[in-house]
Peer 1: 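Quick one: this structure, given as structure tokens, is what I'll be asking you about.
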Amino acid sequence: MRIIRCANYEELSQKAAEFVAAQITLKPDCVLGLPTGSTPIGMYARLVEMGMDFSEVTTFNLDEYYPIKKDNPQSYHYFMTENLYSKVNLKPENIYIPNGETTDPAAECKNYEKSILACGGLDMQVLGIGQNGHIGFNEPGEMLNSYTHVTKLTQNTIEANARFFNSMDDVPKQALTMGVATIMRARRILLLASGKSKAHVVRALQGSVIDPEIPATILAAHNDVTVIADAEALGE
């Protein structure tokens with residue numbers, strides 16, 4: 001596992017954008033797994049500023065709340081459209097996001113997994129990390145061999161996401177998410193961590209123990225992981 005230290009969030013965002021841009025330059029038709037949340041917003045802004053050519057890129061989003069309408073400003077479909085998809089030349093048919101409006105979530109997850117495989121798998125998966133160590137919405141204590149599935153959000157995650165909603169009651173209690181096994185099949189993994197609230201889980205990442213209560217520790221078993229973290233996330 002390679003760890004790149006950044007002084008602050010702005011430097012982290014720039015480094016992350018350069019990392020993704022290099023992947024697109026090396027393989028213009030690459031398949032990217034992309035995250036949502038506050039941490040990657042700066043990375044997306046930098047990629048837009050760079051004017052990267054996304055015309056051959058295919059993207060798969062890590063997760064989506066369930067149930068939620070696509071036009072809900074708190075949906076990840078809306079988030080990605082606002083922060084990246086409407087600002088670059090991605091082809092609509094090359095954009096995949098779990099459907100939070102589906103009436104059959106189990107079938108949606110199964111088909112999502114099939115779509116990833118049909119595209120040849122993920123060349124690079126970009127991840128954020130939750131305060132409880134979740135990646136995607138793979139929460140502590142879940143199976144570490146799961147593929148795309150429906151998951152119940154922990155109270156910790158619900159509380160962390162409540163700031164984006166009008167009230168705690170409005171936060172969806174479930175999500176559709178790539179599983180840990182799906183993530184681990186990516187050829188390269190880039191994890192972003194910002195802020196002192198992530199310091200304890202970033203510290204756990206640097207050990208060799210895989211702890212189901214800190215799902216991100218499974219990344220120690222992957223052979224190509226880069227962590228870009230700011231000073232606060234590194235406990236400095």
Side-chain angles (χ1 to χ4, degrees), residues 9 12-14 16-21 23-24 28-105 108-109 111-113 115-116 118-119 122-130 134-137 148 150-151 153 157 160-166 170-178 182-183 186 190-192 194:
Y9 177 73
L12 177 153
S13 298
Q14 182 64 35
E18 291 171 357
F19 206 91
V20 174
Q23 174 65 53
I24 296 172
D29 63 345
C30 63
V31 181
L32 300 177
L34 297 177
T36 49
S38 55
T39 303
I41 289 176
M43 176 189 74
Y44 292 140
R46 301 301 184 280
L47 284 169
V48 172
E49 290 169 3
M50 287 178 182
M52 291 302 301
D53 181 6
F54 280 81
S55 62
E56 296 181 58
V57 175
T58 298
T59 64
F60 284 88
N61 265 83
L62 258 178
D63 43 32
E64 176 60 284
Y65 288 121
Y66 182 77
I68 198 165
K69 297 290 187 183
K70 292 177 182 178
D71 60 359
N72 185 318
Q74 302 308 327
S75 76
Y76 289 164
H77 188 282
Y78 190 98
F79 174 99
M80 291 304 300
T81 300
E82 287 294 300
N83 285 285
L84 184 67
Y85 295 157
S86 66
K87 299 177 179 179
V88 295
N89 61 337
L90 265 166
K91 295 176 181 176
E93 61 269 27
N94 289 345
I95 297 172
Y96 294 83
I97 305 176
N99 181 11
E101 299 180 7
T102 183
T103 56
D104 190 343
E108 171 67 16
C109 292
N111 290 333
Y112 201 72
E113 196 70 31
S115 295
I116 294 172
C119 288
L122 302 168
D123 290 300
M124 177 187 289
Q125 176 64 63
V126 185
L127 299 170
I129 187 168
H134 73 224
I135 47 176
F137 273 127
T148 304
V150 184
T151 184
L153 305 185
T157 297
N161 290 339
R163 67 188 189 277
F164 301 118
F165 292 82
N166 291 328
D170 291 335
V171 185
K173 306 305 186 288
Q174 291 182 294
L176 311 176
T177 185
M178 286 188 199
T182 313
I183 293 167
L190 174 65
L191 185 141
L192 312 179
S194 176

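Values below: every heavy atom of this structure, side chains too, minus hydrogens, waters and symmetry copies. Every value quoted in this text rests on a predicted model; they were computed, and no experiment measured them.
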Peer 1: Thr36: which residues meet the side chain to side chain donor-acceptor pair (under 3.5 Å) condition with it, sequence neighbours left out?
Peer 2: none
Peer 1: What's the verdict on side-chain contact (heavy atoms from CB on, under 4.5 Å) for Val88 and Met52, showing C-alpha distance, side-chain angles and the deciding distance?
Peer 2: CA-CA 8 Å; Val88 295; Met52 291 302 301; over 6 Å; no
Peer 1: What pairs with Val150 under side-chain contact (heavy atoms from CB on, under 4.5 Å), at least two apart in sequence or on another chain?
Peer 2: Pro105, Cys109, Gln174, Leu176
Peer 1: Out of curiosity, Phe137 CZ to Thr151 OG1, how far, rounded to the nearest 0.5 Å?
Peer 2: 9.0 Å
Peer 1: After noting the C-alpha distance and the side-chain angles of Ile116 and Met178, does the key distance pass the side-chain contact (heavy atoms from CB on, under 4.5 Å) rule?
Peer 2: CA-CA 10 Å; Ile116 294 172; Met178 286 188 199; 4.1 Å; yes
Peer 1: Checking Ser38 now: which residues fulfil side-chain contact (heavy atoms from CB on, under 4.5 Å) with it, not counting sequence neighbours?
Peer 2: Arg163
Peer 1: At what distance, to the nearest 0.5 angstrom, does CG of Leu62 lie from OG1 of Thr148?
Peer 2: 9.5 Å
Peer 1: Tell me, please, which residues at least two apart from Ala162 pass side-chain contact (heavy atoms from CB on, under 4.5 Å).
Peer 2: Met168, Val171
Peer 1: If the condition is side-chain contact (heavy atoms from CB on, under 4.5 Å), which residues does Asn94 pass it with, not counting sequence neighbours?
Peer 2: Thr58, Lys91
Peer 1: Of all residues at least two apart in sequence or in a different chain, which pass the side chain to side chain donor-acceptor pair (under 3.5 Å) check with Thr102?
Peer 2: none
Peer 1: What heavy-atom pair brings Ser75 and Lys70 nearest, and what distance separates the two atoms?
Peer 2: OG-O, 2.9 Å
Peer 1: May I ask you to decide if Gly33's main-chain N or O and Gln125's side chain share a donor-acceptor pair within less than 3.5 Å?
Peer 2: yes
Peer 1: Tell me, please, which residues at least two apart from Tyr112 pass ring pair (Phe, Tyr, Trp, His ring centres under 6.0 Å).
Peer 2: Phe60
Peer 1: Listing request: all side chain to side chain donor-acceptor pair (under 3.5 Å) pairs with a residue in residues 40-57, at least two apart in sequence or in separate chains.
Peer 2: Asp53-Ser55, Asp53-Asn89
Peer 1: Measure across Ile68 and Pro172 and return the closest heavy-atom pair with its distance rounded to 0.1 Å.
Peer 2: CD1-CG, 4.4 Å
Peer 1: Considering all heavy atoms of both residues, which atom of Leu191 and which atom of Ile135 are nearest to each other, and what is their separation?
Peer 2: CD1-CG2, 4.2 Å
Peer 1: Strictly by ring-ring contact (aromatic ring centres under 6.0 Å, His included), give each pair with a member in residues 68-92 just once, sequence neighbours left out.
Peer 2: Tyr65-Tyr76
Peer 1: Of all the heavy-atom pairs spanning Ala175 and Leu153, show the shortest one and how long it is.
Peer 2: CB-CD2, 3.9 Å
Peer 1: Side chain of Ser13, backbone of Tyr9: donor and acceptor closer than 3.5 Å?
Peer 2: yes
Peer 1: Taking all atoms of both residues into account, what is the closest heavy-atom pair of Ser86 and Thr81, and its distance?
Peer 2: OG-O, 2.6 Å
Peer 1: Who are the side chain to side chain donor-acceptor pair (under 3.5 Å) partners of Glu18, not counting sequence neighbours?
Peer 2: Gln14
Peer 1: How many angstroms lie between atom CG of Leu34 and atom CE of Met43, to the nearest 0.5 angstrom?
Peer 2: 6.0 Å
Peer 1: CG of Asp29 to CG of Asp123: how many Å apart, nearest 0.5 Å?
Peer 2: 7.5 Å
Peer 1: With a 6.0 Å cut-off (strictly less than), is the heavy-atom count around NZ of Lys173, excluding the residue itself, greater than 12?
Peer 2: yes
Peer 1: Specify the closest pair of heavy atoms between Leu122 and Thr182, including all atoms of both residues, with the distance to one decimal.
Peer 2: CD1-O, 4.4 Å
Peer 1: Applying side chain to side chain donor-acceptor pair (under 3.5 Å), can you list everything that pairs with Thr39, at least two apart in sequence or on another chain?
Peer 2: none
Peer 1: Using the test salt bridge (Lys or Arg N to Asp or Glu O under 4.0 Å), find all partners of Glu113 that sit at least two apart in sequence or belong to another chain.
Peer 2: Arg185
Peer 1: Nearest 0.5 Å please: distance from the OG1 atom of Thr59 over to the CD1 atom of Ile97.
Peer 2: 7.0 Å
